[in-house]
Amino acid sequence: MSRLIPSEIEPKWQKAWKAAGCFTARHDPARPKYYVLEMFPYPSGRIHIGHVRNYTMGDVIARYKSSCGYSVLHPMGWDAFGMPAENAAMASGGHPKDWTYSNIATMRDQMKPLGLSIDWSREFATCDPEYYAQQQRMFIDMLDAGLIYRKAAMVNWDPVDMTVLANEQVENGRGWRSGALVERRELTQWFFRISDFAGELLDALEGLEKWPEKVRLMQANWIGRSRGLQFAFEVINAPEGHETIEVYTTRPDTLMGASFVGLSPDHPLVKSLEPGNPELAAFCAECRRMGTSEEELETAEKKGFDTGLKVRHPFDPDWELPVHVANFILMDYGTGAIFGCPAHDQRDLDFARKYDLTVHSTFAPLDPGAEFVAPENGGAAFVPQKSERVDYVRGFAGERIQTGEEGIATAIAHFESLGIGTGVTKFRLRDWGLSRQRYWGCPIPVVHCADCGVVAEKRENLPVRLPDDVSFDAPGNPLDRHPTWRDVPCPVCGAPAKRETDTMDTFVDSSWYFARFTAPHATTPTDPAETEYWMNVDQYIGGIEHAILHLLYSRFFARAMHLTGHLPEKCKEPFEALFTQGMVTHEIYLTYEPLRYDGTTVSDGVPQNEGRRPIYHLPEEVERSADGTVVLKATGEAVEVIPSAKMSKSKKNVVDPVSIVAAYGADTARWFVMSDSPPERDVEWTASGAEAAFKHLGRVYRLAFELKDAGAPEGGAEDEALERATHRAIADVTEGIEGFAFNTSIAKLYGFTNTVAKSAASAGAKAEAMRVMAQLMSPMTPHLAEELWAMLGGTGLVAEAGWPKADPALLVEDTVTLPIQINGKRRGEIEVAKDASKAAVEALVLEHAAVVKALEGGSPKKLIVVPGRIVNVVV
RNA sequence: GCGGACGUGGCGAAAUCGGUAGACGCGAGAGACUUAAAAUCUCUUUUCCUCAGUGAAGUACGGGUUCAAGUCCCGUCGUCCGCACCA
């Protein structure tokens, strides 16, 4: 075979790897381990090119580390519970289980031809009863340990999916999957006490040095720590049981500028007033209707309602402040009550002006300047950086002139010394609600008994299996209306009781799968010997979209598993290094169809169907015309090209890996997605780029084919030069892989190929170079690498050959070219021995024609020699 | 609004312990081989010029530090991302 035929070599080598058991992860105490993991996929039905890029990155690392002598764990599984399966069942009949497992089978079949070095013996799906049984077991352990509790809570209700969503699953007020506007509802829900760990999860971010700064920052913002003061206002003419109002503030230094107390419509005091005050009740009802959606919050008017109550200022018994209910105060942050300081908060200022409340500055700029207008005189609220020094015109603690930070600290200290307030640290992070009113999830293993209350299922009865005989012809949860599954005896007293019909959020499933991979068939959630050896994940790879949810939950879950004895202490941060990869994008081809006015109008009088409608075209429907523009093949009509767009079926710019592999082979697909762009950035799929990748691999193959009967190297200068180039390539390619710069490794391999092709070295020396080429290419294009290796007489499989080592002695050239700069501009160059002394270099430089000319007989002001790099002459 | 990242040829991009800007690839152009095509190979390709010179300019824009700046500092503009009534 003188030509590269991927469809012949790829299955051949995949078989050889399987026969040799190359990718079976072996718990070998004698060898260091390396655990590389890509975020496991949801079995949507087909793999897409983004998966190919994601898994190829992991595969490059896995194969490289394996070559370096590590015992590598590189597993694959399926994040298999979740709503699409139910939606599919509702849309086209069938069962979520069948839909899911058949998708998994399809996707596995599509992935295997990629030649990934995955240990398939460890594969599992989160919907396997063997997996969720262990999850239920941990749920009970965590319940016993007080890490899980139940409470009635306002939840985000998705009216389309008929389920509860976590705050993180609400995007712009809409359900992240259904896109429906989310409503507020009060339900009794299960919660993980993740907020108890807020401080720890925040502080531990510091130690995650191999995580992207961006992700750590996003998590830190999400956890949202604030330091403030909590204290109580005394209520005048207080209703029974509400003698004080506790407030929380991050700006206690502005207390002397307080002008009102604001309460959330859900505040207990407000609720107690509502029955006797119909107007107030109406106002609160309106606020609650408004919902939590950001869209509404954004546009909603800041509204208040005066309760008529007054509170006393803590430092002045004669100073009374009105108490308003305000629609912008959240019950679940702080105490649900604030004091408003209009001078230093724009929102409070707007509110004060609307309801005619007093405005007093507590501090003023040190140097006001002509354009400064104090808020009490109609200016904007004065909100300087907390680190800025200001003049406390109405301060009560600390220096007259101090920073906001100092003012806050002294104010808290002052309250604490008087015993009327406490410094408090609050977090934005709230507990993780895990109940979902869905069928296709891990059943929550508890039973509701009239006498015993909510009790956990007995451990020996696990798993609580999902029943197979369910129907999806009605919305809501089929478990709720299952004829027999629900009714069970109480595990404690044996009386008739009812099973919990809620299932777990699928983020629970993905919060520990990485630990399960270390002992996927254990009869306990984890196996201590295996977690001890394999954990932690040395390199985790996935999309930035999981920066907050999945990664934060997993960090919490690892701690919870540690506390319940399922993970050792060292696993509290289970991901040592994280890499977030970019997407694979593709151009969109677009023409427009004019729309005619159809005689109707929409509500605001705008004519219906004005303008034009986009029509998308598949890549094969367009071509580049002679003048470089893109036109439709059929009509020659000009096509608008939108570059680098996220792939989407409706935009017709999806590249299907299956057809790419069929056309060019897996190696080409792998090579292409790793080339061109740095891995963290998006890469644009282009037909010409894929073609180029394929051609290059063919060229490498031919180069090796011509050398397959080469004899021994002959020695000599050309052979030696090629050997040096080889070691240079080893060093550069290795550096690229180590640094997650696969695109530069590939660029070096292109360069090395050119070098070998043009080299005048003996055939034997070239064959030697090509064997190294096979080793260096093996992480990216493993099938071609095996073929080259076998053709050139390599021993065994290249997958099992060690990684080549660059000889430092061969990396340094005997002579180096030093550019000569004159006043910082390049004016010439000299060749010197690599170990030439500074004095020798200086002498040579001063003889250089350009330097002589520039000096005009004088001597240089300064002569800078950076050994091995550059010379700069200042005249 | 708050926080962050990033701006380099026609395009994707290299080069950041400050030391030859544009490696490598795409696209484009020229040529070789061929009856022709495909395939393959070779060369050119930052811009400008009184166009082959030891020429000038050049890494968004304007300043600064330095013998030397894509890289460091200050400001401006632009693009992208995250968060957002959080008291």
Side-chain angles (χ1 to χ4, degrees), chain A residues 3 212-215 217-222 224-226 228-229 247-252 254 262 264 292 294 296-298 300 302 326-330 332-341 345-348 350-351 383 426-430 544 547-548 624 628 643-644 672 675-678 681-684 686-693 695-696 698-699 702 732 741 743-754 757-758 817-829 848-854 860-875:
Chain A
R3 186 164 72 84
E213 190 55 43
K214 181 185 167 75
V215 173
L217 192 72
M218 282 165 73
Q219 292 213 353
N221 288 341
W222 189 263
R225 174 155 53 197
S226 70
L229 172 73
V247 297
Y248 171 72
T249 177
T250 56
R251 292 310 299 256
T254 66
S264 163
T292 54
E294 208 173 292
E296 290 171 81
L297 288 172
E298 192 91 17
K302 310 288 179 267
N327 62 351
F328 57 84
I329 300 171
L330 309 171
D332 47 8
Y333 191 80
T335 61
I338 62 161
F339 73 77
C341 178
D345 183 305
Q346 190 58 45
R347 188 194 56 202
D348 289 351
D350 296 343
F351 191 81
V383 192
K426 296 249 184 229
F427 295 92
R428 207 187 74 112
L429 181 68
R430 314 203 199 139
I544 187 71
I548 298 174
R624 209 160 282 274
S644 299
F672 180 82
S675 64
D676 280 350
S677 286
R681 227 177 290 175
D682 291 351
V683 63
E684 176 149 327
T686 60
S688 54
E691 187 70 33
K695 281 184 185 172
H696 177 72
R699 183 171 176 231
R702 281 196 309 278
D732 290 347
N743 55 323
T744 60
S745 286
I746 286 186
K748 298 298 179 190
L749 286 166
Y750 270 107
F752 185 41
T753 308
N754 291 338
K758 287 176 186 166
T817 307
L818 285 189
I820 298 175
Q821 290 184 337
I822 296 170
N823 291 337
K825 303 252 179 213
R826 188 176 182 276
R827 284 292 182 265
E829 56 187 41
H848 193 274
V851 177
V852 171
K853 192 180 166 197
K861 244 190 232 166
K862 212 168 182 182
L863 187 56
I864 293 136
V865 178
V866 184
R869 306 225 62 156
I870 203 162
V871 178
N872 196 3
V873 186
V874 187
V875 297

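Below, chains carry the letters A, B, ... as their sequence lines are ordered, and counting in each starts from 1. We use all heavy atoms of the structure for the numbers below, so side chains are in, but hydrogens, waters and symmetry mates are not.
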For the [atom1] atoms, the ones on [N] and on [M], what distance do you get once it is rounded to whole angstrom?
| N | M | atom1 | answer |
| --- | --- | --- | --- |
| C26(B) | U44(B) | C1' | 16 Å |
| A56(B) | G7(B) | P | 28 Å |
| A57(B) | C49(B) | C1' | 10 Å |
| G78(B) | A30(B) | C1' | 39 Å |
| A23(B) | A60(B) | C1' | 23 Å |
| A14(B) | C72(B) | P | 16 Å |
| C73(B) | U66(B) | C1' | 12 Å |
| C41(B) | G55(B) | P | 35 Å |

Looking at [X] and [Y], what are the two nearest heavy atoms and their distance?
| X | Y | answer |
| --- | --- | --- |
| Val873(A) | Ile820(A) | CG2-CG2, 4.3 Å |
| Phe427(A) | Tyr333(A) | O-CE1, 3.8 Å |
| Ala693(A) | Phe672(A) | CB-CB, 4.2 Å |
| Pro678(A) | Asn743(A) | N-ND2, 3.5 Å |
| Thr335(A) | Tyr248(A) | OG1-N, 3.7 Å |
| Ala547(A) | Met218(A) | CB-CE, 3.6 Å |

Length of the [atom1]-[atom2] vector between [X] and [N], whole Å:
| X | N | atom1 | atom2 | result |
| --- | --- | --- | --- | --- |
| Arg251(A) | C85(B) | CZ | P | 20 Å |
| Gln219(A) | G3(B) | CD | P | 20 Å |
| Asp350(A) | A87(B) | CG | C1' | 15 Å |
| Phe339(A) | A87(B) | CZ | P | 12 Å |
| Tyr248(A) | A87(B) | OH | P | 7 Å |
| Trp222(A) | C86(B) | CH2 | C1' | 12 Å |
| Phe672(A) | C26(B) | CZ | P | 11 Å |
| Glu213(A) | C6(B) | CD | P | 11 Å |

Torsion-based syn/anti label for G9(B), 90° from 0 as limit: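 Because its glycosidic torsion lies within 90° of 0, G9(B) adopts the syn conformation.
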Considering every strand shown, what is the Watson-Crick or G-U wobble mate of [N] when both distances are under 3.5 Å?
| N | answer |
| --- | --- |
| A5(B) | U79(B) |
| U71(B) | none |
| U47(B) | A56(B) |
| G31(B) | C41(B) |
| C11(B) | G25(B) |
| C17(B) | none |

Under 4.0 angstrom between [X] side-chain N/O and [N] OP1 or OP2:
| X | N | result |
| --- | --- | --- |
| Arg225(A) | C86(B) | no |
| Arg430(A) | C86(B) | no |
| Arg347(A) | A87(B) | no |

Is [Y] close to [X] at the side-chain level, that is, under 4.5 Å between some pair of heavy atoms?
| X | Y | answer |
| --- | --- | --- |
| Arg699(A) | Asn754(A) | yes |
| Val383(A) | Gln346(A) | no |
| Asp348(A) | Phe339(A) | no |
| Arg251(A) | Asp345(A) | no |

Would you list the protein and nucleotides 42-47 of chain B atom pairs, both N or O, that sit under 3.5 Å from each other?
none

Earlier contact from the 5' end, RNA chain B, for Met218(A) and Gly336(A):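 Going by which nucleotide is closer to the 5' end, it is Met218(A).
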More 5' along RNA chain B: Thr335(A) or Val683(A), using each one's nearest nucleotide?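 First, find each residue's nearest nucleotide; the 5'-ward one identifies Val683(A).
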In terms of side-chain heavy atoms of Leu330(A), which of A87(B), G12(B), C26(B) is nearest?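 Nearest nucleotide to the side chain: A87(B).
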Return the nearest nucleotide to the side chain of Arg681(A); candidates are A14(B), G82(B), C85(B).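 Between A14(B), G82(B), C85(B), the one nearest the side chain of Arg681(A) would be A14(B).
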Just call it for [X]: base, sugar-phosphate, or nothing, with non-hydrogen atoms closer than 4.0 Å on any strand.
| X | answer |
| --- | --- |
| Ser688(A) | sugar-phosphate |
| Lys861(A) | nothing |
| Ile820(A) | nothing |

Please work out whether the ring planes of His696(A) and Tyr750(A) are parallel, tilted or perpendicular, with thresholds of 30° and 60°.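 His696(A) and Tyr750(A): tilted rings.
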Could you check whether any side-chain N or O of Ser264(A) sits under 3.5 Å from a backbone N or O of Leu330(A), counting only pairs where one atom can act as donor and the other as acceptor?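 No, Ser264(A) side chain to Leu330(A) backbone: no donor-acceptor pair under 3.5 Å.
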Sugar-phosphate means primed atoms, P, OP1 and OP2; the rest is base. With that split, encode nucleotides 15-24 of chain B 5' to 3' as B, S or - using protein heavy atoms under 4.0 Å. --B-BB--BS
